[in-house]
Amino acid sequence: MLSFPKNFTWGSATSAYQIEGAWNIDGKGPSIWDSFCMIPAKISNNDNGNKACDHYHKFEDDIKMMKSLGLKAYRFSIAWPRILPTGKGKINKEGIRFYSQVIDCLLENGIEPWVTLYHWDLPLALQFEDDGWLGDSISDHFANYAKICFENFGDRVKNWITINEAWVAAMLGYGQGVFAPGRVSNVEPYLAGHNLLLAHGKAAKIYRSTFKSKQGGRIGITNNCDWREPLTKSPEDQEAAERALEFFLGWFADPIYKGDYPESMKSRLGERLPAFTEEEKKMLLGSSDFFGLNHYTTMMAAQSKPDDPIGSVYGNGGLSDDQDVTLSLNKEWKLTSMKWAVVPWGCKKLLNWIAKRYNNPEIVITENGCAYDDKIIEGKIEDHHRLEFYKTYLEACHEALCDGVNLTGYFAWSLMDNFEWASGYEKRFGLVHIDFKNLQRTPKSSAIWYSSVIENNGINI
Ligand code: PNW
C-alpha cells in the first residue's frame with residue numbers, strides 16, 4: 001500500500017464551457033467559445049458546447065454522483081459571461097444564483113469547492129470591444145469580475161484559481177489559432193500571456209487586500225506543463241530541454257516565483273516579449289498561495305538542426321522557431337487517443353524540477369488524466385487503459401512525495417466525458433461515461449478504482 005499524506009486533497013475537475021450547456025439562457029452572454037464553435041471546421045464534427053453534459057440543469061445529480069464516488073474536492077470554473085453578460089457592467093443575478101446553488105450543494109455533500117475564475121470562455125463583448133487578451137484594459141476587467149466572485153461566493157469558497165493554463169490560452173488561442181479566438185501570430189501570444197499574468201496578479205492582490213482576512217481562503221494560478229526529456233546526453237540537447245521547460249512553464253511561473261520572465265525568453269524574443277514595470281514585478285512576485293499544475297504528457301527535446309521539419313509536433317510545443325527546440329516521441333511509449341504519450345516518470349521529474357527551481361512550493365495537481373475510446377461491454381464501461389494511467393501516474397506522484405516534493409493534492413481530469421475543445425465530443429477524458437444522446441451518466445471502472453484510492457488515502461499495489 002502506498003499511503004499519501006493525511007490531509008491530501010483528492011478531487012476531480014471540470015470547466016464551465018465543457019460541461020454546462022445552457023449557453024444562451026437565464027441572461028448568459030456569449031463567450032468567444034460560443035462563437036468560435038460556429039465557424040465551420042474549427043471543431044471536429046462541428047460540435048459545440050450548447051448543450052454539452054447539460055450540467056446546468058443536472059448539477060444536483062452530478063454532485064450526488066461525486067459524493068457516491070467519494071470525492072473530497074471538486075474543481076469547476078465559473079463562466080464569466082454568466083456573471084457579466086458583456087464582461088463588465090451589470091451583474092446577471094441568475095448567474096450568481098446558479099453558482100451559489102452549486103457551491104451550497106457541494107458543501108451540503110461534504111465536498112470542498114475549488115473554483116477557477118477563467119477557463120477560456122471570455123465574454124465575446126470583451127473580444128470585440130477590448131481586443132480580448134491583447135487589450136490594455138483586459139486585466140482590469142478580469143480583476144473587476146474576480147472581485148464580484150469573491151464578494152458573492154467567498155464566504156463559502158476557500159480555494160481560488162485565477163487563470164487556467166495561460167500557456168494554452170495564449171499559445172493555442174493567439175499563436176497556433178486552434179483554440180478561440182483563433183489568431184495566428186508569433187507576437188500576440190506573448191502579449192496575451194503578459195495580460196493573463198497581470199490579470200492573475202491584480203485579482204490576487206484584490207483578494208489578499210480586501211477579502212482574505214475576512215474569508216480565510218487562498219488564491220493561486222494553475223499552469224500546465226509537459227515534461228521535456230533531453231533526447232541525448234549532449235550539452236546542446238540538455239540545454240534545449242531546459243529551454244523548452246522555461247518557454248512552457250517558466251514563462252508563467254518565473255514572474256510569480258522569481259519576479260520576471262526567464263532570461264532565455266527575454267534574450268530570444270527581444271521586443272516581442274513585453275516587459276513588466278517594477279511595480280508589476282512586485283505585484284506578481286509571491287502572488288500564488290500554491291503552485292497549480294496541470295500535467296498530461298512528455299516529449300523528447302533536442303537542439304534544432306537546420307534540416308529539422310519546421311513547426312511544433314502535436315500542437316503542444318509552443319513556437320519551436322522561437323525556442324530552437326525539436327520535439328519527438330520515443331517509439332516505445334504508449335499513446336492515448338489524443339496521441340499524448342503515457343510517461344509516468346515524466347510527471348515525477350517535472351514535480352522535482354518545479355520543487356528545485358521554485359524553492360519547494362506547495363504543489364497541487366489540478367489536472368491529470370487521459371482520453372481513451374471506451375468500450376461498453378454489457379452495460380459496463382471497460383476502462384483498464386485509464387485505470388492503468390491513473391495508477392502509474394499516482395505511483396509517480398508518490399515517488400515525488402518520497403523525494404521531498406510538497407505535493408498536497410490531485411484532481412483527476414475529468415469528472416465526466418465532456419466537450420474537449422477543438423476535438424469536440426470525440427475525445428473522452430471522463431471518469432464517468434456520458435451517453436450524449438440521452439445524457440445518461442455511468443461511472444467507468446477507473447472511477448470505481450479511484451474511489452477506492454480516495455477511501456484508503458493510498459494505492460494498493
Ligand atoms: C487542458 N496542449 O487543456 C484543459 O485545462 C482542459 O480543459 C482540457 O480538457 C484538458 O487539458 C485535456 O485537453 C489542454 O496542447 C489543451 O498541450 C491542450 C494542451 C494542454 C492542455
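First listed ligand is number 1; within each ligand, the first listed atom is number 1. Position 1 is the first residue of the sequence, and the numbers go up from there.
Between Trp227 and Cys347 the shortest side-chain heavy-atom distance does not fall below 4.5 Å.
Under 4.0 Å from ligand 1, not a single heavy atom of Asn418 appears.
In terms of polar-atom proximity, Trp413 is counted as a contact of ligand 1, with an N or O under 3.5 Å from an N or O of the ligand. Taking distance alone, with nitrogen or oxygen atoms compared against 3.5 Å, Ser15 stays at or beyond that limit from ligand 1. At under 3.5 Å, not a single nitrogen or oxygen of Trp120, backbone or side chain, sits near a nitrogen or oxygen of ligand 1. Any N or O atom pair closer than 3.5 Å counts here, and His119 shares at least one such pair with ligand 1.
Between His55 and Phe98, the ring planes are perpendicular. Angles over 60° get that label, and only those under 30° would be called parallel.
The shell of residues lying under 4.0 angstrom from ligand 1, judged by heavy atoms, includes Trp340.
At most 12 heavy atoms of other shown residues, nucleotides or ligands fall within 6.0 angstrom of atom NZ in Lys380.
Aromatic rings from Tyr410 and Phe4 are positioned such that their centres are separated by 6.0 Å or more.
Among pairs with a residue in residues 32-60, those fulfilling salt bridge (charged side-chain N to carboxylate O under 4.0 Å, His left out) read Lys28-Asp34, at least two apart in sequence or across chains.
The heavy atom nearest to atom 11 (O) of ligand 1, considering only Tyr296, Tyr17, Trp167, is found in Tyr296.
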